[in-house]
Amino acid sequence: DVPKPTLTVWPQSSVFTGDSVTLRCELDQSWDGWEFLWSKDSNTESPEAETKTIYYVKVSDGGEYKCRARRGGYNTHYSEPVAVTIHERPKPRVTIKPDHHHVFRGETVTLRCDIYDGGVTSWRYNWYKEGSTYVFSERQQHTFSSVSESDADKYFCYGTETEGSRWSHRSDEVTLTVSVPRAVLSVSPQKWLTEGYPVTLICEVNGSSTGWTFSWFTVTVSGSRNDYDLLSDSSRGAGGKHTVSSADLKHTGVYVCRAERDKTAVYTTYSNMFNKDHFQIIAVIVLSGVSPPVSLIISPSRTQHFTSVSLSLSCEDQSNSDGWTVRRYTDSGRLEDCSSSVWGSQTGSTCTIRSTVPSDTGVYWCQSESGEHYHPVNITVHSGVILESPVHPVTEGDNLTLRCLYKYTTLSNLSADFYKDGSLIQNQTTEMIIPTVSKSHEGFYYCKHPERGESPKSWISVRDIVHDKVLVCLFFRVSFRLSHLCPIPYSVLYWQLIVTVVLIYKCCRKRGKTPK
C-alpha cells in the first residue's frame with residue numbers, strides 16, 4: 001500500500017499573531033532518504049524538511065496545510081489537511097466601577113478585565129499592580145469591598161487561555177486614586193453680615209458632586225468636651241445648602257457641615273461623625289447696628305501672625321471686663337478654652353499665647369459666663385510671608401491699607417505683589433492702599449514675594465453704613481409696610497433713630513437753637 005503521512009501541529013492549530021507554530025509531517029516508514037513536499041491552500045508544493053516552523057506568525061500565515069513524502073520517483077499520498085488559524089492577539093480592556101477613577105476611602109470599587117475576539121472561549125485572568133510581579137487576583141472581576149489609600153495604584157491585566165497555550169496582550173494601565181473626602185464649607189454672600197440679611201451655608205465635597213446628603217451643626221463647649229448640636233431646621237439632601245432667611249446675633253458662631261453618601265459605611269458611622277476628614281468648620285459673624293457689649297482686641301492688630309511670637313487677645317467691654325473668656329476653634333477641629341489650656345494663659349479677660357505655632361490657626365471669640373459669644377475672628381499663624389490686614393470689617397467709605405510682612409528681614413515691609421481673588425491688582429509695592437472702599441472690594445486678599453513666597457489668604461469684609469438708611473427704611477416699613485425693601489430689624493432702626501434725634505438735639509443746643 002502507498003503510505004500516507006500524518007500532519008501534526010504544535011502547540012495548537014489556532015494561534016495569535018507573534019506566536020510560533022511548528023508543523024511536522026510524520027511518515028510511518030523506516031526507509032531513509034525521504035524528501036517532504038509542503039503545500040498551503042493547494043498552492044505549488046515546496047520541498048522542505050520533515051518539520052516546518054513558522055516564527056512570529058502573521059494573519060497571512062493562516063490557511064490549510066498538507067504534506068507528502070517523495071523518494072526517487074515514488075510519492076506517498078497527501079496527508080489529511082490541517083487548518084492553521086491566526087488571530088490578532090487581543091488586548092484586554094480594564095474598567096472601574098464606579099466609572100470615575102477617583103474614589104473615596106471606604107467605598108466599594110470593582111476592577112473588570114474584558115478580552116474580546118481571539119477565538120478563545122475560556123480565559124484565566126491575571127491582575128498586577130505596577131512594578132509588581134505578584135498576581136494578586138485571577139478573577140475577571142476583582143472587588144475592593146472597602147477601598148483604602150493603600151489600594152491606590154496603577155493596575156493592569158492580561159489573560160491566558162484556560163485550556164491552551166495562548167495569552168493576550170497586556171492591558172493599558174488604569175490609575176485608581178483613593179482619597180479621604182473633604183467637605184468644603186462656604187458662606188454666601190459672606191461671613192460678615194448685618195442683622196436682617198439672609199445668609200446661606202454651602203457644603204461641597206471636593207472631587208465629587210453626586211450622591212451626597214448634608215447636615216449642619218453648631219459647636220459649643222460643655223465642660224471638657226465639644227458638643228455638636230444639629231440645627232433644628234437642618235435639611236438633609238437639600239443640595240448642600242442651609243439658608244437663614246434673616247440673620248440675627250444669635251446666629252453668630254462656629255458651624256460644621258457633614259457629608260454622607262449612601263452605602264458607604266465609613267460616612268454613616270456616627271462614632272466617627274466628627275473626624276475632621278469628613279467635615280469642615282466655618283465662623284459666621286453677624287453684625288448689629290448697635291455696639292456689642294464686648295470687643296475682641298488682638299495685639300498685634302492683624303489676622304495673620306508669625307510663628308514663635310507672642311499674641312494677646314483681650315475681651316473688653318464698656319463697664320467690667322471680668323467674666324469673659326477667650327475661646328477658639330482650631331483648624332484641627334478642637335474647641336478650646338484659654339483659661340483651661342496649655343496653649344495659652346488667661347489673666348482676667350486677656351488670653352496670652354506666649355509662642356505661636358501653626359496649630360493656633362482657627363476662630364477666636366469672647367464668651368460670657370452665660371454662654372453668649374461675640375466678635376469671632378479668624379486668626380492664621382504662618383512661618384513665612386504674612387499679609388497685614390484689619391481684624392474687623394472695614395466701614396464703607398474708609399481707606400484700606402494692606403502690607404506684606406516677613407519675620408526675618410530688616411525691612412518693615414516687603415515689596416511684593418498683591419492679589420484679590422487670585423487676580424493681580426498691584427505689583428511690587430511695599431503697601432497697597434484702597435481709598436474709599438466699597439462692597440465691591442470684598443474678597444480674599446494675599447501677597448506674594450518672588451523670593452520669600454506667598455502669604456495665606458485673608459477675607460476682607462466691607463461693612464455697610466447703616467445710619468444713612470435708617471430713616472428711609474423706617475419710612476417704608478411704617479408707612480407702606482414694605483419690609484422687604486428694608487431688611488434692617490426694627491430694634492436697629494429705632495436705636496439708630498434715637499441716636500440720630502439725640503445728635504440733632506445736641507447740635508442745635510450747641511448753636512443756641514432748640515428744635516420745635
Side-chain angles (χ1 to χ4, degrees), residues 9-22 53-59 85-182 205-208 210-211 261-269 271-272 275-278:
V9 183
W10 188 90
Q12 59 197 58
S13 60
S14 180
V15 293
F16 291 146
T17 52
D19 288 342
S20 297
V21 62
T22 298
T53 300
I54 308 172
Y55 298 97
Y56 306 107
V57 297
K58 306 180 294 296
V59 173
T85 306
I86 313 295
H87 294 279
E88 290 286 355
R89 189 181 302 275
K91 184 175 183 177
R93 178 174 176 266
V94 174
T95 54
I96 297 180
K97 294 292 183 180
D99 292 336
H100 47 83
H101 295 182
H102 186 164
V103 297
F104 293 115
R105 183 177 63 190
E107 291 189 303
T108 298
V109 178
T110 299
L111 302 176
R112 181 180 174 88
C113 185
D114 286 301
I115 305 175
Y116 302 102
D117 301 324
V120 177
T121 57
S122 179
W123 289 100
R124 181 173 60 252
Y125 299 88
N126 303 272
W127 285 98
Y128 292 88
K129 283 186 177 183
E130 182 187 44
S132 172
T133 58
Y134 170 70
V135 178
F136 68 85
S137 177
E138 293 185 345
R139 296 176 177 271
Q140 184 178 16
Q141 289 191 169
H142 178 76
T143 299
F144 301 95
S145 58
S146 181
V147 74
S148 66
E149 291 90 330
S150 63
D151 296 317
D153 213 318
K154 293 181 178 180
Y155 292 88
F156 66 90
C157 71
Y158 79 90
T160 54
E161 190 176 11
T162 304
E163 297 179 355
S165 61
R166 290 177 288 181
W167 68 92
S168 71
H169 281 298
R170 197 181 95 164
S171 72
D172 291 330
E173 291 178 339
V174 294
T175 301
L176 177 62
T177 302
V178 181
S179 63
V180 176
R182 305 286 180 181
V205 177
N206 276 348
S208 179
T210 59
R261 188 144 73 176
D262 293 341
K263 299 180 181 179
T264 309
V266 69
Y267 308 137
T268 55
T269 303
S271 61
N272 295 330
N275 181 298
K276 66 184 179 68
D277 293 335
H278 303 123

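Starting from 1, each residue takes its place in the sequence as its number.
- Rounded to the nearest 0.5 Å, atoms CD (Glu149) and OG (Ser179) are 8.0 Å apart.
- Distance check: Ser14 OG to His87 NE2 gives 4.0 Å after rounding to the nearest 0.5 Å.
- Side-chain atoms of Thr162 come within 3.5 Å of backbone atoms of Ser122 as a donor-acceptor pair (strictly under, hydrogens ignored).
- Closest approach of Gly106 and Ser146 over heavy atoms only: CA-OG, 3.5 Å.
- Using a 4.5 Å cut-off on side-chain heavy atoms (C-beta onward), Leu176 and Lys154 make no contact.
- For the pair Ala152 and Val178, the tightest heavy-atom approach, listed with the atom from each and the gap, is CB-N, 3.8 Å.
- In this structure, the ring of Tyr125 has its center no less than 6.0 angstrom from the ring center of His142.
- Of the charged side-chain nitrogens involved, at least one lies within less than 4.0 Å of a carboxylate oxygen, so that Glu173 and Arg170 count as a salt-bridged pair.
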Practice item. Assess whether side-chain contact (heavy atoms from CB on, under 4.5 Å) is satisfied between Phe136 and Lys129, documenting all intermediate values. Key: CA-CA 8 Å; Phe136 68 85; Lys129 283 186 177 183; 4.3 Å; yes
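- With values rounded to the nearest 0.5 angstrom, Lys58 atom NZ is found 9.5 Å from Ile86 atom CD1.
- With rounding to the nearest 0.5 angstrom, the CG atom of Asn126 is 8.5 Å from the SG atom of Cys113.
- The 12-atom threshold is exceeded at CD of Gln141, counting heavy atoms of other residues, nucleotides or ligands nearer than 6.0 Å.
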Point to revise | Derivation and outcome, side-chain contact (heavy atoms from CB on, under 4.5 Å), residues Ile96 and Val109 | key: CA-CA 7 Å; Ile96 297 180; Val109 178; 3.8 Å; yes
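- Between Pro90 and Trp123 there is a side-chain heavy-atom pair separated by less than 4.5 Å.
- Not one N or O on the side chain of Glu138 forms a donor-acceptor pair closer than 3.5 Å with the backbone of Trp127.
- By the 6.0 Å and 45° rule, Arg166 stacks over the aromatic ring of Phe16.
- Distance check, rounded to the nearest 0.5 Å: OG of Ser168 to OH of Tyr116 gives 13.0 Å.
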Practice item. Kindly determine whether Arg112 and Lys97 satisfy side-chain contact (heavy atoms from CB on, under 4.5 Å), including the steps that lead there. Key: CA-CA 8 Å; Arg112 181 180 174 88; Lys97 294 292 183 180; over 6 Å; no
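- Side chain of Thr53 to main chain of Thr22: no donor-acceptor pair is present (N/O by atom type, distance under 3.5 Å, no hydrogens or angles).
- Counting heavy atoms from C-beta outward, Val103 and Pro98 have side chains that approach closer than 4.5 Å.
- Salt bridge annotation for Arg93-Asp172: absent, with no cationic side-chain nitrogen under 4.0 angstrom from a carboxylate oxygen.
- Judged by the 6.0 Å and 45° rule, Arg124 forms no cation-pi pair with Trp167.
- Considering only heavy atoms from C-beta on, Ser165 comes within 4.5 Å of Gln12 through its side chain.
- A donor-acceptor pair under 3.5 Å is formed between the side chain of Thr17 and the backbone N or O of Arg89.
- Rounded to the nearest 0.5 angstrom, Leu111 CG and Ser137 OG are separated by 8.5 Å.
- Put simply, the side chain of Val21 does not reach to within 4.5 Å of the side chain of Trp10, judged on heavy atoms.
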Practice item. Quick one: do Thr110 and Thr143 satisfy side-chain hydrogen bond (donor to acceptor under 3.5 Å, both in side chains)? Show the steps, please. Key: CA-CA 4 Å; Thr110 299; Thr143 299; 3.2 Å; yes
